[in-house]
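Scroll down for the structure; my scribbles are underneath it.
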Amino acid sequence: MRKADIVQRLKELEFDKNEYWVITGGAMVLYGLREETHDIDLGCTRKLADTLARRGFPVSLLEDGTRKIRCGADVELFENWLFGEIQWLDGIPVISLEGLAEMKRSLGREKDQRDIRLIEAFLAEKKSP
């Protein structure tokens, strides 16, 4: 999925923008750090998680007691999963780059290490005059 695909899919979902935020690969695409991602991962509030569970979307309980909710083949929501702050990009709530790097550090996977380097290089470039 490219940026336009992500934006279109989020519009289709019609979620309250104050109840979710884009994380992981989707956030990297929205920030322009990647061209595409396979799916869209979102963090969400308990309120949105409750609403989706009541609507019958598939829910999995995670080790920490929060929920993962699947919305179709291409969107997963993770209840209360947020590091750092939320930024608004073109009217879309997205995890901050600093929070995204912290999130990826916590995951500790090989692919996350590459992403962390991309994020850090981007942030360093933004700070330099």
| query | Hey, mind stepping through Arg67 and Arg46 against side-chain contact (heavy atoms from CB on, under 4.5 Å) and telling me if it holds? | reply | CA-CA 9 Å; Arg67 296 169 285 183; Arg46 175 175 288 157; 3.8 Å; yes
| request: Give the intermediate values and the outcome of side-chain contact (heavy atoms from CB on, under 4.5 Å) for residues Thr66 and Trp81. | output: CA-CA 9 Å; Thr66 61; Trp81 198 26; over 6 Å; no
| query | Which is it for Ile6 and Ile92 under the side-chain contact (heavy atoms from CB on, under 4.5 Å) test, yes or no, and what are the steps along the way? | reply | CA-CA 10 Å; Ile6 293 169; Ile92 297 171; 5.8 Å; no
| message | Under the criterion side-chain contact (heavy atoms from CB on, under 4.5 Å), I'd like the reasoning laid out for Leu52 against Phe15: C-alpha separation, chi angles, the key distance, then a yes or no. | response | CA-CA 10 Å; Leu52 295 174; Phe15 295 153; 3.7 Å; yes
| task | Kindly determine whether Arg105 and Glu102 satisfy salt bridge (charged side-chain N to carboxylate O under 4.0 Å, His left out), including the steps that lead there. | result | CA-CA 5 Å; Arg105 277 189 208 91; Glu102 186 180 344; over 6 Å; no
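By the 4.5 Å heavy-atom criterion applied to side chains, Lys104 and Lys111 are not counted as neighbours. When side chains are defined from C-beta on, Val22 counts as touching Leu10, because their heavy atoms get closer than 4.5 Å. Met28 is not listed as a side-chain neighbour of Thr37, based on a closest heavy-atom distance of 4.5 Å or more. In this structure the side chain of Trp88 reaches within 4.5 angstrom of the side chain of Pro93, judged on heavy atoms. With a 4.5 Å cut-off on side-chain heavy atoms, Glu79 and Leu61 do not count as touching.
Residues Phe83 and Ile86 fall within the same hydrophobic cluster, defined by Ile, Leu, Val, Met, Phe, Trp and Tyr side chains chained together at heavy-atom separations under 4.5 Å. A chain of hydrophobic side-chain contacts below 4.5 Å, direct or via other Ile, Leu, Val, Met, Phe, Trp or Tyr residues, connects Ile23 to Leu118. When the side chains of ILVMFWY residues are joined at heavy-atom separations under 4.5 Å, either directly or via intervening members, Leu82 and Leu42 end up in a single hydrophobic cluster.
The nearest pair of heavy atoms linking Gln87 to Tyr31 is CG-OH, 3.4 Å. Contact detail for Leu77 and Cys44: the closest heavy-atom pair is CD2-CB, 3.7 Å. Smallest separation of non-hydrogen atoms from Glu98 and Leu123: OE2-CD2, 3.7 Å. Contact record, Ala27 with Val94: CB-CG1, 3.6 Å, taken as the closest heavy-atom pair.
Counting only residues at least two apart or in different chains, side chain to side chain donor-acceptor pair (under 3.5 Å) contacts with residues 13-22 comprise Asp16-Asn18, Glu19-Thr45. Within the structure, salt bridge (charged side-chain N to carboxylate O under 4.0 Å, His left out) pairs that include any residue of residues 30-42 comprise Arg2-Glu35, Arg34-Asp115 (at least two apart or interchain).
To the nearest 0.5 Å, atoms CG (Leu48) and CG (Leu13) are separated by 9.5 Å. The structure places CD of Glu12 at 12.5 Å from SG of Cys71, a figure rounded to the nearest 0.5 Å.
In this view, Arg117 satisfies the side chain to side chain donor-acceptor pair (under 3.5 Å) rule with no residue, not counting sequence neighbours.
Taking a 6.0 Å sphere around CG of Asp90, one finds it holds 12 or fewer heavy atoms contributed by other residues, nucleotides or ligands.
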